[in-house]
Every structure is written in C-alpha cells, then in structure tokens.
Amino acid sequence: MFFGFSMLFLSGTTVWAKTQTYTQPFQNQTITLSGNAVQSNMYFVKMGYWDVKKATLNLNFQTSQLSDKQISDITVSVNNVKFDSFRPKRVSGIQTKKITIPTRSLGGENNIQVNGQILNKAGHKNYQVAQTPANWLTIYKNTNVNFQYRLVPPTKSIKSFYDHFTGADTVVNQESVITTPSQPTNNELAASMYALSGQSRVITTETQQIPVTTFQDQKARKADYQVVIATYNHLPSNIKKMVVKKDVAHQAVIKTHDAHNKHLLIVTAKNGILLKKAAKYIANQELMQETDEATKAVTQDTPTATSVLQYDGSVQLTKQDSQITGPNHHEQAYFISLPVDRNNADGSEVRLHFRYAKNLNFKRSLVTVMVNNTPIGSKKLTASHADGDELTVKFPKGLALGNEFTIRVAFDLEMADQSKANNNQTPWASVGSTSKAIIKTQQKNSLLFDNYPGVFIKNRTFDNLLIVQPKQMRAADFQTLSNIFNLIGNYAQNNTGKITFTKHQPSRDQLKRSSVIAFGAPNQNQFIKSLNKQLYFQFDDHFSVLVSNEKLSIEKQYGATVGTAQLLRSPFNKRRALLVVTGANPAATYLGSTQINFEKNIEMYRNKDAVLVDPDNNHFSYRFKKQAAIDSSVQVKRTISKNSHLLIYLAVALFFILIIGASIIAMLKKNGVSKQKGEQNER
C-alpha cells in the first residue's frame, strides 16, 4: 500500500521513493498476567534501510471484568522510554488501542513494555489492592507494530544488498528470490539450498519464504532483489558478462550488480566445489553483514563456517539486569529455546540471582519461579539478603516441555501500607544477568513429525543429507524443494553440515550413511518408484495414481491429484529417517510439501508420520508406525531410568519377600524335623 511520493538524491541522481507500510506481528503468544501491577515485554525489529515516518502500536488486550476502569491504567514504553498512558474503556471484551510510537526512540531491535495497574473497587473509596485471580491483563498475539516508511536504496556493497534481501518487508512483498539454471547440476542445487537455508534462519517472517526458481521464471525476473547461483559457464549470457572470466579462474566470486532498477548478487565459480563454498559464505549472516565491498573472492581456504556455539545446556535468562518497580505482584517472562533435535530431560533447574528493596513487608513478600504456568519453587524475601539473594529450583520429574518454553519469575512485593492504590517506583526487585536455566537434554528418539525436521539435524546442522531429485526439474519441483528446505534451514543454525544431491539411484553404502529425502513423481524419480511397496500411501502399477489403504479410501481420479509427505524408517539404516514427498505429477507432489514448510504447519501433525493434501487444501494425517523410536534400546534405557524409583521399591520388596520366604521354608523344615524326632521318640 502506498501513501505518497518523495525524492531522494543519491550520487547525483534523482530517485522517487514511495511511502510504504509494513505490519510486523510480535513473536509472543497470547499471554495473561495476574496481579495488581502487571508487566509484559514484546520485541520487534526496524529495518536499517527504513526512513520511518510513523510507527503505530496496535495493542489488542482485555482486562478483568471486575476491574474498575476509572482507577486501572496502562502505560506503554519503548526501549525503557515511557510515551503513553491510558485507562481501559468501560467494556468487558477485547479492546484495541492504536498508539503512536515516537520514532526518535526506535533502534534496530526494540522492546515494547506494557505496564498495567489493574485494580478492583469495593465501597466508595476502599480499593482492594490485595492480589486476587480477578486482577488480570491479557495481551493477544495479534498485537503488532505498523510502520510507514520510505526505502533507502542499497549501495553497491554486499552487506547493503544482504540487508535489503533478507528484510521482512522485502520477503513479504515477494521481492527476494534465488535463481539457478532450469536444469541445475547437483552442486548448483546444493549451493542453492545452502543459500536458502542461510536466509531461512535469519528472516523474521513466519508466513513467507524466499523461493528458489530458475533464470527463466518471469515472476523472479520482476523481483527487486535476486541472488543468482550457477557455475560460470551456466550463467545467462547477460549476467555472465558482468563477471570477468579471469576472476573465477581459481576462486569463486560474489558480486553485486544493479541493472534496470533490479539489484543482483551474482554467486559463481568455475566448478561446483567452489560454488558450494561461496554459497556457504552467503549463508553466514555475520560474514555478509561485515562485507563492505561490492565483490568478494572466496577460495577453499576462506573461512565460511558460522560461529554458532554448540549447545552446552546453560541458557542465560537475561543479558542485562531486568528490573521491576512498584508494589504487589509482578511477572517477568524469559523464553527458552532448545536445539530442535533435543528434548528436556529430568534434572533441569533454574538458578536465580536477584536483589530487592529493603522497605518491604518481609512477612508477606516472596519470589516464585514458574515453568510456563507451573510453579516449581518459591522463597520468602528477607532483609538480610536484599542486596544479593539467590534461589535454585529443580524442574518436576517427568515434565515435558518441548523445544520452546517460558520461565516466569514472579515477585510479590508487599508494602506495610496497602490501603490505597499506588504505582510508584518503590519497592523494586531486579533479576541479575547471571541468572540462568540449566537444561538437561536428551536426543529425540522419535520417527514422527513431532521430531521433524530435527530427525535430519544433528548439533544444529544438516545430518549428512542425501537428496534424491527428479531427473528433470519442473517449476513445481523447485517449489517443492523450496518448501522442504525452508523449514530445515530455519532450524539448521550451522552451515557446516553436508548436503548431497543426486538424480540417480544412490548406492546402498551411501543410503546407509545418510538421512535421505526423496521428492518428485515416481515417473520422474526412479528411487521413489523402487520404494513404492514400502510407502504408506502407494501408487498403482502404472504409477499414475495413489491408491487406497487401510487408513483412507481414495477414488481413482482423486488419487491422481493428491500429494503426500511420508516420514519412513529408512530400509537402509533402521536408525535414520527417509522422507518421501511425492504425488502422481509435479503439481501433486508440491501439494504434499505445503504442510512441511513452516513451523505452524508441522505443529498440526504431532504423533503422525504421513500427511495427504488435495487441491482444495484439505489435509489428512495418519500414523502408520507401531514403534516410533529411532533406537529401541535407548527407549528401554529411558523407561528404566524414568521408573528407577519404582524399580528400587520393587527390588526392595522382592528382597523382603525372599527373606520372608526363606524364613518360612526354614521354619517349616525345622517343624518337620522336630515332628520326625517326636515320632521316633514315641516309637
């Protein structure tokens, strides 16, 4: 949507820049906070190439129906600068408040803080300020920030192109694209997937992706920002002349070029090995943001590996001391994210370091730690430890959390005089930056979509992926491949893993060592054809339709239009996964990939291993595996470990049973001997 025009003067040329809008949702889910004084933090990003004219917070919220709207109030701040306060309307439902954010207070990464004083009223002037469950504020997940801005055009530098290419507005407006030859080599496809994965992990939108397509795609040619990936001899003639041949004699080249108001990043090399090396370079966010020149040479000796540290089990709750002020109940939320291929295990704990004011009623003040909405420990505050207190609490045994969860720290700061409403700056409490969660994890052991794409990832990188592609790539096949790697790339935080493409039947040794993904129609992909008898949804003898099975009846014409994604146990290695995305034709195959491209889609298929999608976007999911564990021995060990106390009790009980049994037998034998002696004496 455009609102007007303005002129920018760059390098002596006149450029007309349109005023544009972009609405950025927050990452937070709907959250409810209880207490008289409540606080919530939300985060958003402003692109560095935006000349922001106006920013608006669209706050969707609801307060307790029992709250008095004349004394309750809400204050909003950005980056610790307060800029708006208001009272909720006298309505009981969801309210929307549009609040203008001062642009002078905005940075690149921004924190919106919503503070509320939610009070009930009883009698004429008696405010009931004691905490009750009826004092609450809910902030809904459709809360967002809307920007009105003008684009600052990119310079010739690689980092400037990268900022625009990965920008949320660029991606949402479908102005970013990666292009390759129409029939790319295995190495060219692998390079494209490294590039796509690198962008997928940094873009902030959760509903749009960067497509990989061909040079000939008319829509791609219209995109403002294009990454062109190909070996030098496969570049289109008009792009090939933009790179000097001698420059790629012994190295790869990454180069920006502007033509006809389009911005290109050309990634090329004489051979596929160097091309993949260059693709790993552009998959490294730090390197791309640091490259200020217009051309970058990449050799085999160029460091390209991402600097993501391996997960060591320790998660810092806050990078800076986080402080709350005012009396009564306050909550701070800290989001924890585990590697996608791991689950939390027993033995996790929170180590909290905190300080607080000395003017509290210490008989009633305390701190509570919660995991999501489950309290796991509390401690009374004391005057003697106000300058430096700590609390260590362990997670309950058997608590399943998934990959993302929230640790909440709640302070109840009671004052001596609670007879009237107040929201002043005392008392206060502060959570120290040394506070951390120690999360014990274990490798996921499931061959279901619960563990996708984690089953293809190890140590946050690709777990030796082997991709079996169609012999002839069609437009829909590129769309399928883009969908598959969008989500995988989102979770592959490291670019050091291996991706191998092949159009032919892989060797058994290669299949045994790899996690395998096969996509395409069986008449395009001989490997999928050979797997037909092992698929959950199989094709007929002509490989023209999917046929009925014990889970679903499929009409013949319907079977020619539906696509499927099936997560199998690899017949070549029982401890590895095999993902097959297929349909009777490329369009049907693409449908099967539409449910594994975003996290919000895959979350619908927990405890499932097969998804079927039709052209009307009806999707059906099933579980075929009776035993879903990747390694059954690991499952047995975990079951024994989880029930160790029960086993100890059973062992003790069995020990006593044996002792009692032995005692009874001994007594019976003794009585028998005594009886025999008595009979002999009688004789």
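Numbering starts at 1 and runs along the sequence shown.
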For [X] and [Y], indicate whether the former's side chain and the latter's backbone hold a donor-acceptor pair under 3.5 Å.
| X | Y | answer |
| --- | --- | --- |
| Q566 | V611 | no |
| N144 | Q24 | no |
| R576 | V455 | no |

[X]-[Y] side chain donor-acceptor pair, cut-off 3.5 Å:
| X | Y | result |
| --- | --- | --- |
| R201 | N490 | no |
| Q289 | Y162 | no |
| D614 | Y558 | yes |

Exercise. In terms of heavy-atom contacts, does CG of N261 have more than 12 from other residues, nucleotides or ligands at under 6.0 Å?
Worked result: no

For this session: Would you indicate whether D541, at its atom CG, is surrounded by more than 12 heavy atoms from other residues, nucleotides or ligands within a distance under 6.0 Å?
Result: no

Does [Y] have [X] sitting over its ring (NZ/CZ under 6.0 Å from centre, angle to axis within 45°)?
| X | Y | answer |
| --- | --- | --- |
| K498 | F462 | no |
| K551 | F624 | yes |
| K608 | F449 | no |

For this session: Please work out whether the ring planes of H164 and Y49 are parallel, tilted or perpendicular, with thresholds of 30° and 60°.
Result: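 Plane angle under 30°, so parallel.
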
For this session: Specify whether Y225 and H263 have parallel, tilted or perpendicular ring planes, treating 30° as the upper limit for parallel and 60° as the lower limit for perpendicular.
Result: parallel

Exercise. Quick one: are F543 and N532 in side-chain contact, heavy atoms under 4.5 Å?
Worked result: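 A side-chain contact exists here, since the closest heavy-atom pair is under 4.5 Å.
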
